[in-house]
Asker: 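Here you go, one structure.
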Amino acid sequence: MNQTHLCNTTKIYVVNGQLPGPTIDVTDGDTVVVHVENRLPHGLTIHWHGVRQMRSCWSDGAGFVTECPVPPGGKRVYRFNVTGQVGTLWWHAHVTCLRATVAGAFVIRPKDGRYPFPTPTRDMPIIIGEWWQLDLVELDRRMHDGNFDDNPLSATINGKLGDLSNCSGKPEESFVLDVVRGETYLLRILNMALFSEYYFKVAGHTFTVVGADGNYLTPYKTDMVTLAPGEAIDVLMAADAPPAHYHMVALANQPPEPDPQIPVFVSRGLVRYAGSESKNNGLPVPTPLMPDQHNTMPSYYFHSNLTGLAHPDRHRVPMHVDERLFFTLGLGSICRNNTTSCKRRRSADTIVVATMNNVSFRQPTNASLLERYYERRTSGLYTEDLPDRPPRPYNYTDRDLIPPGPLEEALEPTFKATKLRRFRYSTSVEIIFQSTALLQSDSNPMHLHGYDFFVLAMGLGNYDPKTDPAKFNYHNPQLRNTVQVPRTGWAAVRFVTDNPGMWYLHCHFEFHIIMGMATAFIVEDGPTPETSLPPPPPEFKTCGANGLTQP
């Protein structure tokens, strides 16, 4: 459908005529059945972000990983169970950049209706996104061609640009949250943006963080929430200020290097108290004081201060480790036209790519990894030799690696390949994610499909295997599906491979996905039918020769 913002009419892709898309509201223990009809001119899949998909990998919705896209005019039925999860997750398109608008909240409520915190009067999603004037399919095409110069024009809150944006002097519409003094509200805050982490504040109010990624957290009081793309944070907000109007602000944070000229992406909404005068009795509407756009430290402090609310069935951190992986996250380059040598330093002869352990993931374009794995037809499609560590150690966070230079040039060459990692069932896996300064200084929100993992610790600088394990939290770590690996820092996670299938691991910055910061984990079947992946369900559609599902 068309929407007009900033004096321009833009064609956008939506679900059921809504932006953001409809909220799916279910209860712990439910079986969920979603019917998708693709009326877009492009293929797409729908991913249920954060849903464990226990023994239902066929319904994960990861394009070319668990299924091929549904073709224009095609239909798809997703069926899965949500037992053992409570809180806020979300759903989104998982082909091209369509998730900028094809997305919505996925709320799982407790069976008995009781929370481990005061019951809120009301709850509602607060979805932070971006407004793109450029067609999203064209944006995807440009990025696949190595062009990363495009930016959104604004941030959005629940699809509204807010009054800081205007067309010929007329402010854009703002999202309005109506509240009653004395009541408490559960805000289910999501970041569905393609490009940026966001700071979120409400003037004159504080939050109590109580959950993240469908898991409860130890209550944590703060006046600001930080969300990377892919994260879902649940907060309580008490309407305890004098009745009036108060601005809420979502501000993108961007690393100061290598491009300090990135535009400011911001959206401003309104908290409106019942009975308050429309013009605050003539006084200005309070606006929260936000961090500097390029100050990423508040994000580090926010994420590292969160702890899990211990649950006897789920918070059992594996104390032994069977497989230890050390993944470096950075950029590199490949030569154009499949040549083996070329001039580096971001020349026209190269394409900049993203890597894990110096491997840039080559996404299949006409086959599903899961389907071919299950049918044992994997020859020529992928290999299972993703390195456990980078090919050579170096000072991963040396800022001299950000601009092109002699140090960087020696580390820049890489290659594209579809390299996966296989695990036996019930393997205890520890991953150290190390953000590097190689050609960039971004943080990296790493998302693992089909699993929650314990975030044992995070830190700044290079991970030290001799001293940093002493910082691991084994008592009440966060249980997450997305970990924000700090800018030029590290994060340690641990999980047990109890869910057989093919599971995508990737950075949730869209440009990093397209550039290749991804892989997939194969988890083998266990010893019993109850620990094995069942055959594809009747509603699953196989891939055709054109890389789309067959009718």
Side-chain angles (χ1 to χ4, degrees), residues 45 47-53 57 60-67 89 92 94-95 99 213 228-231 322-330 353-364 368-370 373 381-390 416-425 427-436 442-456 458 479-485 490-524:
T45 64
H47 169 54
W48 314 97
H49 183 112
V51 174
R52 282 293 315 270
Q53 299 286 3
C57 187
D60 188 51
F64 300 110
V65 177
T66 61
E67 64 182 273
L89 302 172
H92 59 83
H94 215 299
V95 172
R99 74 171 173 86
D213 292 356
E231 288 191 296
D322 299 314
E323 301 267 7
R324 297 183 190 273
L325 310 177
F326 182 77
F327 285 160
T328 54
L329 312 172
V353 297
T355 67
M356 294 173 55
N357 284 353
N358 203 43
V359 178
S360 183
F361 187 68
R362 185 186 298 280
Q363 184 90 14
S368 156
L369 295 176
L370 174 64
Y373 163 71
L381 182 63
Y382 64 78
T383 58
E384 299 175 8
D385 55 350
L386 180 72
D388 290 354
R389 57 193 61 255
K416 294 193 76 70
T418 311
K419 290 182 177 290
L420 313 185
R421 187 67 161 73
R422 180 188 285 260
F423 299 101
R424 291 183 176 179
Y425 185 83
T427 297
S428 175
V429 180
E430 179 181 284
I431 304 176
I432 307 299
F433 292 110
Q434 175 71 63
S435 291
T436 73
D442 292 322
S443 58
N444 294 281
M446 300 303 296
H447 171 53
L448 177 59
H449 292 214
Y451 283 88
D452 287 334
F453 44 66
F454 294 102
V455 181
L456 300 182
M458 55 183 60
L479 195 56
R480 304 292 297 272
N481 62 62
T482 303
V483 61
Q484 173 67 331
V485 185
W490 56 270
V493 306
R494 197 176 288 182
F495 63 98
V496 174
T497 57
D498 59 357
N499 193 11
M502 178 78 66
W503 303 108
Y504 203 23
L505 170 67
H506 61 88
C507 180
H508 224 280
F509 287 134
E510 192 68 19
F511 56 96
H512 278 174
I513 301 175
I514 290 172
M515 296 169 77
M517 192 178 288
T519 187
F521 288 164
I522 300 170
V523 177
E524 297 178 353

Asker: The criterion is side chain to side chain donor-acceptor pair (under 3.5 Å); which residues satisfy it with Thr328, sequence neighbours excluded?
Answerer: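 Only Asn357 meet the side chain to side chain donor-acceptor pair (under 3.5 Å) criterion with Thr328.
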Asker: Is a side-chain donor or acceptor of Thr436 paired with a backbone partner of Leu329 at a separation under 3.5 angstrom?
Answerer: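 Side chain of Thr436 to backbone of Leu329: a pair is present.
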Asker: Rounded to the nearest 0.5 Å, how far apart are CE of Met517 and CZ of Phe509?
Answerer: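 One gets 9.5 Å once the value is rounded to the nearest 0.5 Å.
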Asker: Given Trp48 and Asp60, is the side-chain contact (heavy atoms from CB on, under 4.5 Å) satisfied, shown in steps?
Answerer: CA-CA 6 Å; Trp48 314 97; Asp60 188 51; 5.8 Å; no
Asker: Flag the pair Phe326 / Asp388 as yes when at least one side-chain heavy-atom distance between them is below 4.5 Å, and no otherwise.
Answerer: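 No, side chains not in contact.
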Asker: Has the side chain of Thr482 got a donor or acceptor atom that lies under 3.5 Å from a matching backbone atom of His447?
Answerer: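 Not at all, since once roles are kept as given, no pair shorter than 3.5 Å links the two residues.
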Asker: Under 3.5 Å, is there a donor-acceptor pair between the side chain of Thr418 and the main chain of Arg362?
Answerer: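 A pair under 3.5 Å: yes.
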Asker: Okay, side chain of Ser428, backbone of Arg494: is any donor-acceptor separation there less than 3.5 Å?
Answerer: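 No; zero donor-acceptor contacts below 3.5 Å.
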Asker: To the nearest 0.5 Å, what is the distance between OG on Ser435 and CE on Met446?
Answerer: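 Between Ser435 OG and Met446 CE, I get 8.5 Å after rounding to 0.5 Å.
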Asker: Roughly how far, to the nearest 0.5 Å, is CZ of Arg422 from CG of Leu386?
Answerer: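 One finds 14.0 Å between CG of Leu386 and CZ of Arg422.
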Asker: Mind checking the CD1-CE spacing from Ile432 to Met458? Nearest 0.5 Å is all I need.
Answerer: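 Reported value, rounded in 0.5 Å steps: 11.5 Å.
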Asker: Counting distance only, does the side-chain N/O of Thr497 pair as donor-acceptor with the main-chain N or O of Arg424 below 3.5 Å?
Answerer: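 Yes, because the side chain of Thr497 sits within donor-acceptor range (under 3.5 Å) of the backbone of Arg424.
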Asker: Any chance the side chains of Asp322 and Thr427 put a donor and an acceptor closer than 3.5 Å?
Answerer: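 Distance-only check fails for Asp322 and Thr427.
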Asker: To check you understand the geometry: which heavy-atom pair defines the closest contact between Thr66 and Gly61, and what is its length?
Answerer: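 Heavy atoms only, the tightest pair is OG1-N, 3.4 Å.
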Asker: Determine the interplanar angle of the Phe433 and Phe327 rings, folded into 0 to 90°, and report it as parallel if under 30°, tilted if 30 to 60°, perpendicular if over 60°.
Answerer: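 It falls in the tilted class, 30° to 60°.
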Asker: For Thr519 and Lys419, indicate whether the former's side chain and the latter's backbone hold a donor-acceptor pair under 3.5 Å.
Answerer: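 Checking the backbone N and O of Lys419 against the side chain of Thr519, a donor-acceptor pair under 3.5 Å is found.
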Asker: Could you point out which residue of Phe423, Trp503, Tyr382 forms a ring-ring contact (aromatic ring centres under 6.0 Å, His included) with Phe521?
Answerer: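 That would be Phe423; it is the only one of Phe423, Trp503, Tyr382 passing the ring-ring contact (aromatic ring centres under 6.0 Å, His included) with Phe521.
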Asker: When you compare the side chains of Gln363 and Tyr504, does any donor N or O come within less than 3.5 Å of an acceptor on the partner?
Answerer: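 Yes, because at least one side-chain N or O of Gln363 sits under 3.5 Å from a partner of the opposite role on Tyr504.
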Asker: Centroid-to-centroid, His449 to His506, below 6.0 Å?
Answerer: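 When the ring centroids of His449 and His506 are compared, they turn out to be within the sub-6.0 Å range.
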Asker: May I ask you to establish whether Arg52 and Tyr451 are in a cation-pi arrangement, using a distance under 6.0 Å from NZ or CZ to the six-membered ring centre and at most 45° from the ring axis?
Answerer: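 Checked: cation-pi criterion met.
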Asker: How would you list, by chain and number, every residue that makes a side chain to side chain donor-acceptor pair (under 3.5 Å) with Gln53, sequence neighbours excluded?
Answerer: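 With neighbours one apart ignored, the set is Ser56.
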Asker: Would you confirm whether His49, through its side chain, and Gly230, through its main-chain N or O, come within 3.5 Å as a donor-acceptor pair?
Answerer: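 A pair under 3.5 Å: yes.
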